Structures are given as structure tokens and as C-alpha cells.
Amino acid sequence: MEKFYIATAIDYVNGPPHIGHAYEKIASDVIFRHYEQRGIPAFFLTGSDEHGIKIQKAASEKGISPQDFCDDIAGKFIKEWKLFDIKYSRYIRTTEAEHKRVVRHIFKTLIERGDIYKASYNGLYCTGCECFLSERELDDDGNCPSHKTKPQEVREENYFFRLSKYKERIQEHIKANPGFILPDYRANEVLNQLKDAEDISVSRSRNSVSWGIPVPDDDSQVIYVWIDALSNYLTGIGYLSNNELYEKFWPTDCHMIGKDILKFHSIYWIAILMAMEIPLPKTIVAHGWITIDQSKMSKSLGNVIAPGDILGAFGLEVPDALRYFLMTTTTFGNDGNYSDEEFKNKVNADLANNLGNLLNRSLSMLVKYFDGNVSPEAVTVAENNNLAALSDKTKREVIENMDKYQPYQAAESIINLVDSANRYINEQAPWTLAKNEETQLQCAQVLYNVLEALRYVSVLIYPYIPNIAQNMREQLGFDDRVSDFMLSDLQWGGLKPGRIASKDSVKPVFLRLDSELAGDKKKNAN
RNA sequence: CGCGGGGUGGAGCAGUCCGGUAGCUCGUUGGGCUCAUAACCCAAAGGUCAAGGGUUCAAAUCCCUUCCCCGCAACCA
């Protein structure tokens with residue numbers, strides 16, 4: 001692989017970010033950072049979807065312009081991603097001039113090619129919602145479910161995209177490329193939906209929706225979400241604006257999206273690209289949802305959690321623990337659950353008790369028995385060394401699992417290595433070896449093995465917990481950035497002799513969480 | 001017969017595609033260690049892998065049937 005381009009779905013900015021938004025960005029960030037560690041040029045795109053009736057309405061309710069409204073909410077997203085150390089390469093907003101140009105270009109090209117045509121649209125329009133409803137959206141009495149009023153039959157001229165023309169080609173593509181949609185069971189779902197795919201409406205009358213990009217040469221119509229939002233993946237990588245970037249990174253290697261919008265990405269978007277004769281993405285990964293205390297997060301249930309609030313409630317200064325938890329709460333693709341209790345238990349067990357304590361106990365012994373010195377004789381070789389073999393195996397497993405978009409399994413491998421090192425210490429009992437002159441060297445070698453395994457761990461786990469990993473690396477006596485360390489350089493024996501630790505340098509990298517997000521929102525200091 | 005996901009020891013989850021002694025974390029009980037963040041290590045108790053049937057030398061895993069839970073309207077990833 002010579003490059004890696006990953007894009008998240010862009011978030012609709014009609015409300016502030018919640019933990020579900022964060023889940024997708026964290027997953028993408030972990031994968032992105034991993035590819036960077038492999039020395040592969042990588043690009044990570046995320047951003048916001050800012051047009052449409054809902055934003056128009058939300059803005060007017062607040063009495064501000066849609067653009068001001070978007071600026072405000074997009075700002076909150078950007079701030080949140082900074083808080084979570086989301087290392088995106090570019091944050092794209094669909095209200096950018098550059099993007100509007102791309103959208104209009106695509107729309108125009110498709111009209112010219114005959115893939116977009118004008119037709120009349122017969123729909124049921126709810127004046128309360130200010131939008132069309134499909135028949136299956138209506139309640140049993142044929143009323144709008146939210147307004148309990150009968151929608152009116154309205155005929156409107158709209159532009160349509162000839163989706164039906166590409167059905168077979170998409171089917172064939174999905175069948176011919178097993179990894180195209182992940183998890184694979186979702187591919188069947190898409191093939192099913194594809195059976196009754198019809199042409200889709202790609203514009204709205206300006207009278208019903210004004211907040212959007214006008215159709216080229218037809219100001220009475222505004223481009224609807226599909227072409228507007230999905231095209232961000234092209235704009236974001238320099239299509240029509242930065243050819244060098246575009247040539248280097250297109251097509252998208254990974255579309256990281258929620259399971260609810262799989263259809264739009266694997267059918268609509270693919271068809272649009274086919275119609276534009278643009279190469280198709282490699283993989284579309286559909287992740288599950290984060291439920292809260294086992295129920296779906298929803299505003300009506302009042303259980304929507306802002307990710308930053310969790311950090312605040314537990315007094316966390318860095319996002320690492322929550323990043324780690326979300327990536328390990330369930331197999332990627334399934335729904336995962338968040339609860340304060342599970343969060344606390346998981347990170348206490350893995351990050352504090354196992355990983356943090358392992359580093360702490362081994363460095364403490366190094367300080368206690370050898371004044372923090374790694375002597376040249378203590379350096380071990382990989383041959384006939386179980387811990388070295390396991391470290392290398394873990395590295396391979398991490399790479400394999402990341403290639404399959406399975407961050408859960410990759411993390412599990414890393415924690416297994418930590419467990420093994422903890423067991424190894426207990427078996428070798430360096431505290432006993434330290435007491436006798438004859439076993440001093442053996443003691444030093446045991447500690448070296450453990451610290452070297454921990455150096456592997458710090459590099460491998462860096463994508464999940466970048467701050468803690470950096471801290472680990474520093475305590476192991478390095479003054480460089482763990483983010484700059486390449487996996488290809490991760491070989492046994494990298495821990496160099498010399499004085500690497502002192503009594504003052506050894507401190508816990510992750511403290512156990514003992515506070516709890518007490519029932520309702522416990523306001524934190526700020 | 002609408003579509004999809006799920007049902008694995010007390011809790012939360014792997015394992016199911018590519019059948020071969022049922023695994024992890026937490027919790028419980030007993031023991032060990034004393035280097036460490038009341039941590040770490042060992043052991044034990046606890047499961048008819050929703051139910052029934054089938055294929056097979058062998059099924060949590062493949063096939064069929066049944067039951068139960070959750071999404072598929074909005075807010076929303």
C-alpha cells in the first residue's frame with residue numbers, strides 16, 4: 001500500500017457533538033495513526049454537513065442566519081475533536097466556496113451526460129415539517145407522526161439522478177469485491193436494498209428549501225443532500241483545486257460511517273462516482289452505535305452524552321481513557337455500550353492495573369536495584385526469548401487486525417502482551433534475584449525483557465492512547481516523540497543501556513478512576 | 001412469511017465466515033507474592049453456548065423450525 005486516505009462521515013451540524021460522533025472520529029483516528037506508524041502517507045478527512053431544511057429551521061428559531069448557526073456548531077465540533085486529539089488532516093465544511101464549486105461541477109456534468117434529468121415529483125408534503133414524507137413514514141391514520149396532521153399532496157418539478165442505470169454495476173462490484181463493505185454481513189443487506197433502488201431526487205424547490213447550493217443554471221432549485229454532502233470526499237482531497245493532492249490520495253481507502261448511512265455510501269455515492277467515471281473507494285466500513293446504559297441514545301430519552309462531559313466528570317485531562325474504552329467496548333461493527341461503571345472498570349483494569357502498574361513496578365525495581373541503570377550486559381537478544389517472540393507476534397497481530405479494521409482485536413493483542421509480562425515478572429521474581437550476587441545479572445535481564453516489551457506496547461498502543469503512550473516512552477528514557485517512531489523500526493533491543501530512570505521520574509501513567517459521573521450531570525469545575 | 005442485528009457461567013463481551021477439549025474482563029471464594037497504582041500471580045466455584053430437529057466421527061460454529069429482545073418515525077453516528 002503506497003497511500004491511505006480515510007474519511008469519516010461528515011456530521012450534520014443541527015446539534016452539538018455527542019459520544020456517537022466521537023466514536024466514529026476516534027475509530028478513524030486510531031486507524032489513521034496506525035497507518036502513519038507504518039510510514040504510509042496518510043490523509044484523514046472529517047468535517048460537517050451544513051445545508052438543508054433542518055439547519056435552516058434551527059437557525060431561524062434562534063433568529064440568526066444559517067451561516068452563523070453553522071459556524072457556531074461547526075466550531076463546537078472542531079473544539080471537541082481537538083479535545084479528543086483527533087488528528088485529522090482537513091476539516092471540510094460543505095458551506096465552503098471550494099466545495100460549492102465541486103458540487104455544481106458534478107451536478108452540471110451529470111446533467112450534460114444525461115444522468116440527471118428533470119421530472120415531476122408527486123409527494124406528500126407536511127407543512128409542519130416543511131418537507132416531504134414518504135408513505136411509510138406516516139402513522140396509521142396517514143398523518144405526519146410528529147404533527148398529527150394530514151400531509152398535502154404536492155406536485156413539484158425536481159431533478160432526478162438516474163440511479164437505476166447503475167444498479168447492476170454496483171451489484172457486480174459488491175459481489176466481485178468481498179472486502180468492499182465491512183462487516184461483510186452488511187454487504188448482503190446492501191444487495192437487498194439494491195434490488196428496489198429507483199432514481200433518486202437530487203434537488204428541492206427553492207421555495208421549500210433555500211439553504212443550499214443552487215442548481216447550475218436553474219435558481220429555482222437547490223441541490224439536495226446526496227450530491228451536496230457526499231461530494232465532500234472529493235473536495236476534501238483537492239478535486240478541482242489541488243491536483244497533486246488528489247492524484248496522490250484518491251480514491252478513498254476507507255469510508256468510516258455509521259450503519260444507518262451505509263445505503264447512501266454504498267449505493268448513491270458509488271453510483272455518482274460511476275456516473276462521473278471517477279475511481280471507486282476501496283472499503284466502506286459501517287460501525288455500530290454506542291448505546292447508553294443499554295438503550296439507544298436519543299434526545300427524547302434525555303440520555304445524550306457529550307464526550308467532553310465524561311472527561312470532566314472523571315476529572316480526566318486527556319481523552320485517552322475514553323478513546324481506549326470506546327475502541328474496546330465491543331467488536332467493531334456491533335453496537336457498543338457506554339456506562340460509567342463499565343468505563344471505569346475497563347480502564348482501571350487495563351490501563352491502570354495491568355499496563356500502568358506493570359511499567360511502574362518494573363521501573364521501580366530498576367531504580368531500586370540498579371539505580372535506574374540499564375547495563376550493557378543486561379541487554380537481551382530475541383533468540384530463545386519468549387517475551388521477545390511474543391512482542392513480535394503482537395506487532396504482527398496488530399497490523400493484521402488493523403488491516404481488517406478490527407481495532408478491538410488489535411487492542412486485545414496488546415493487552416495480552418501486557419498480561420504475559422505481568423505473569424513473567426511473577427514467575428521470575430526479580431525481587432528475589434536481586435538479593436544474591438550470582439543472580440544480579442539475571443535480575444537485570446528480566447527487567448530488561450519487561451521494559452523492552454513495554455516499549456513495544458507503548459508504540460503499538462499509541463494510536464489508541466497517544467498521551468499515555470508518550471508518557472510511557474519518556475519514562476522508558478526516550479526524549480523523542482512516540483508518534484514519530486515507525487513500526488518497521490520496532491525490533492527487539494531498542495531499549496538502550498544507560499541511566500533511564502530515577503526515583504523522581506517514575507510515576508503512574510494512568511491513575512485509577514474512582515470518581516463517578518454521579519447520577520445526573522455532576523457539574524465539574526469549569 | 002417486510003428488512004436487519006442479537007440471545008454464550010452473576011454482569012459486560014470474544015469466539016460463529018474457514019466445525020475439533022467453551023475463552024476474556026469484571027465480580028465471588030481460597031491461596032501466593034511483596035517489586036508496584038489496595039496492584040500483580042495461582043487456583044476454585046459458576047455455562048445443557050435461547051429451544052427443538054438435522055448433517056457429521058465431531059456443532060456455540062453448517063442446515064431447517066420455533067421462541068424472545070433490539071433497531072428500521074423523529075432527535076440521531
Side-chain angles (χ1 to χ4, degrees), chain A residues 8-12 14-15 17-25 27 54 58 129 133-134 136-139 143-147 178 183-186 188-190 192-193 195-196 256-263 286-291 294-302 304 328-331 333-337 339 341-346 348-369 406 408-409 412 415-416 418-419 421-434 443 446-447 450 506-514:
Chain A
T8 71
I10 50 174
D11 300 309
Y12 199 58
N14 60 344
H18 56 62
I19 196 166
H21 295 111
Y23 180 55
E24 177 176 296
K25 274 66 199 172
K54 284 173 196 159
C129 301
L133 301 171
S134 68
R136 56 189 307 264
E137 281 175 296
L138 305 178
D139 66 17
N143 290 334
C144 165
S146 36
H147 295 90
D184 43 20
Y185 56 77
R186 296 258 175 228
N188 296 326
E189 202 177 312
V190 173
N192 232 316
Q193 293 170 331
K195 284 180 195 154
D196 38 39
M256 180 63 68
I257 59 165
K259 61 182 183 180
D260 57 326
I261 53 174
L262 176 60
K263 179 178 167 183
H287 65 248
W289 283 322
I290 296 298
T291 55
Q294 300 296 353
S295 50
K296 191 178 174 180
M297 183 165 44
S298 71
K299 285 185 183 170
S300 41
L301 282 177
V304 176
T328 55
T329 180
T330 190
T331 315
N334 289 347
D335 289 355
N337 185 247
S339 74
E341 199 60 26
E342 285 168 40
F343 172 57
K344 203 177 75 174
N345 285 344
K346 179 74 175 168
N348 278 352
D350 287 0
L351 300 182
N353 298 351
N354 281 340
L355 193 160
N357 183 53
L358 175 64
L359 181 72
N360 200 237
R361 68 194 297 212
S362 44
L363 282 175
S364 295
M365 283 188 270
L366 189 72
V367 170
K368 207 162 187 170
Y369 308 142
Q406 295 184 326
Y408 172 96
Q409 281 81 348
E412 199 177 41
I415 293 302
N416 279 342
V418 173
D419 283 341
N422 264 320
R423 247 174 275 133
Y424 173 79
I425 289 196
N426 279 58
E427 284 161 14
Q428 299 296 321
W431 49 89
T432 306
L433 299 174
C443 177
V446 166
L447 291 180
V450 173
V506 180
K507 13 182 193 310
V509 290
F510 182 75
L511 289 167
R512 291 171 57 89
L513 300 181
D514 289 312

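Every value quoted in this text rests on a predicted model; they were computed, and no experiment measured them. Every chain is numbered from 1 and lettered A, B, ... according to where its sequence line falls, protein lines coming before strand lines.
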Taking the [atom1] atom in each of [N] and [M], what is the distance between them to the nearest angstrom?
| N | M | atom1 | value |
| --- | --- | --- | --- |
| B:rU65 | B:rG2 | P | 14 Å |
| B:rU8 | B:rA14 | P | 11 Å |
| B:rU34 | B:rC40 | C1' | 10 Å |
| B:rG6 | B:rG15 | C1' | 15 Å |
| B:rG23 | B:rG5 | C1' | 23 Å |
| B:rC68 | B:rA50 | C1' | 7 Å |
| B:rG27 | B:rA45 | C1' | 13 Å |
| B:rU25 | B:rA44 | P | 14 Å |

For the pair A:K259 and A:D335, find out whether any cationic side-chain nitrogen is under 4.0 Å from an anionic carboxylate oxygen.
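Looking at A:D335 together with A:K259, the answer is yes, because their closest N to O distance falls below 4.0 Å.
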
Examine [N]: is either OP1 or OP2 under 4.0 Å from a nitrogen or oxygen in the side chain of [X]? Give yes or no.
| X | N | result |
| --- | --- | --- |
| A:R423 | B:rC42 | yes |
| A:T331 | B:rA14 | yes |
| A:Q428 | B:rC35 | no |
| A:K54 | B:rC75 | yes |
| A:N334 | B:rA14 | yes |
| A:H21 | B:rA77 | yes |
| A:K296 | B:rC72 | yes |
| A:N192 | B:rG4 | yes |

For A:Y23 and for A:E427, locate the closest nucleotide of RNA chain B by heavy-atom distance; then report the residue assigned to the nucleotide nearer the 5' terminus.
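Nearer the 5' end of the strand: A:E427.
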
Of A:E24 and A:G336, whose closest RNA chain B nucleotide lies nearer the 5' terminus?
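Result of the comparison: A:G336.
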
Looking across every strand, which nucleic acid part, if any, lies under 4.0 Å from [X] by heavy atom: base, sugar-phosphate, or nothing?
| X | result |
| --- | --- |
| A:G258 | sugar-phosphate |
| A:N354 | sugar-phosphate |
| A:A352 | base |
| A:P508 | base |
| A:D184 | base |

Ignoring hydrogens and geometry, is there a side-chain-to-backbone donor-acceptor pair from [X] to [Y] under 3.5 Å?
| X | Y | value |
| --- | --- | --- |
| A:Q193 | A:K263 | no |
| A:T291 | A:M297 | no |
| A:H287 | A:N334 | no |

Closest nucleotide among [options] to the [X] side chain:
| X | options | result |
| --- | --- | --- |
| A:I290 | B:rA77, B:rC41, B:rU25 | B:rA77 |
| A:N353 | B:rC40, B:rA77, B:rA14 | B:rC40 |
| A:T330 | B:rC41, B:rC76, B:rC13 | B:rC13 |
| A:N357 | B:rA14, B:rG71, B:rC40 | B:rC40 |
| A:V509 | B:rC13, B:rC72, B:rU37 | B:rU37 |
| A:L511 | B:rC76, B:rC35, B:rU37 | B:rU37 |
| A:R361 | B:rU37, B:rC40, B:rC26 | B:rC40 |
| A:Y408 | B:rC75, B:rC13, B:rC17 | B:rC13 |
| A:K368 | B:rG5, B:rA77, B:rC35 | B:rC35 |
| A:R186 | B:rG15, B:rG4, B:rU34 | B:rG4 |

Between [N] atom [atom2] and [X] atom [atom1], what is the distance in whole Å?
| X | N | atom1 | atom2 | result |
| --- | --- | --- | --- | --- |
| A:E189 | B:rG5 | CD | C1' | 8 Å |
| A:N188 | B:rG4 | CG | C1' | 11 Å |
| A:L433 | B:rU34 | CG | P | 12 Å |
| A:D335 | B:rG7 | CG | P | 12 Å |
| A:L363 | B:rU37 | CG | C1' | 13 Å |
| A:K259 | B:rC3 | NZ | C1' | 13 Å |
| A:D350 | B:rG12 | CG | C1' | 13 Å |
| A:N337 | B:rG7 | CG | P | 15 Å |

Under 3.5 Å for both pairing distances: what stems, at least three Watson-Crick or G-U pairs long, include RNA chain B?
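Detected stem regions: B:2-7 with B:67-72, B:10-13 with B:23-26, B:28-32 with B:40-44, B:50-54 with B:62-66.
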
Taking all heavy atoms of [X] and all of [Y], pick out the closest pair and write down the distance.
| X | Y | result |
| --- | --- | --- |
| A:R361 | A:N422 | NH1-OD1, 2.8 Å |
| A:Y424 | A:V450 | CD2-CG2, 3.6 Å |
| A:M365 | A:P430 | SD-CG, 3.7 Å |
| A:Y369 | A:C443 | CD1-SG, 4.1 Å |

Pair A:F510, A:N360 - check side chain to side chain contact (heavy atoms under 4.5 Å, CB included), show working.
CA-CA 10 Å; A:F510 182 75; A:N360 200 237; over 6 Å; no

Is there side-chain contact between A:T331 and A:Q409, with heavy atoms separated by less than 4.5 Å?
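Side chain of A:T331 against side chain of A:Q409, heavy atoms only: contact under 4.5 Å found.
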
When you compare the side chain of A:V506 with that of A:L366, does any pair of heavy atoms fall below 4.5 Å?
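Side-chain contact under 4.5 Å: no.
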
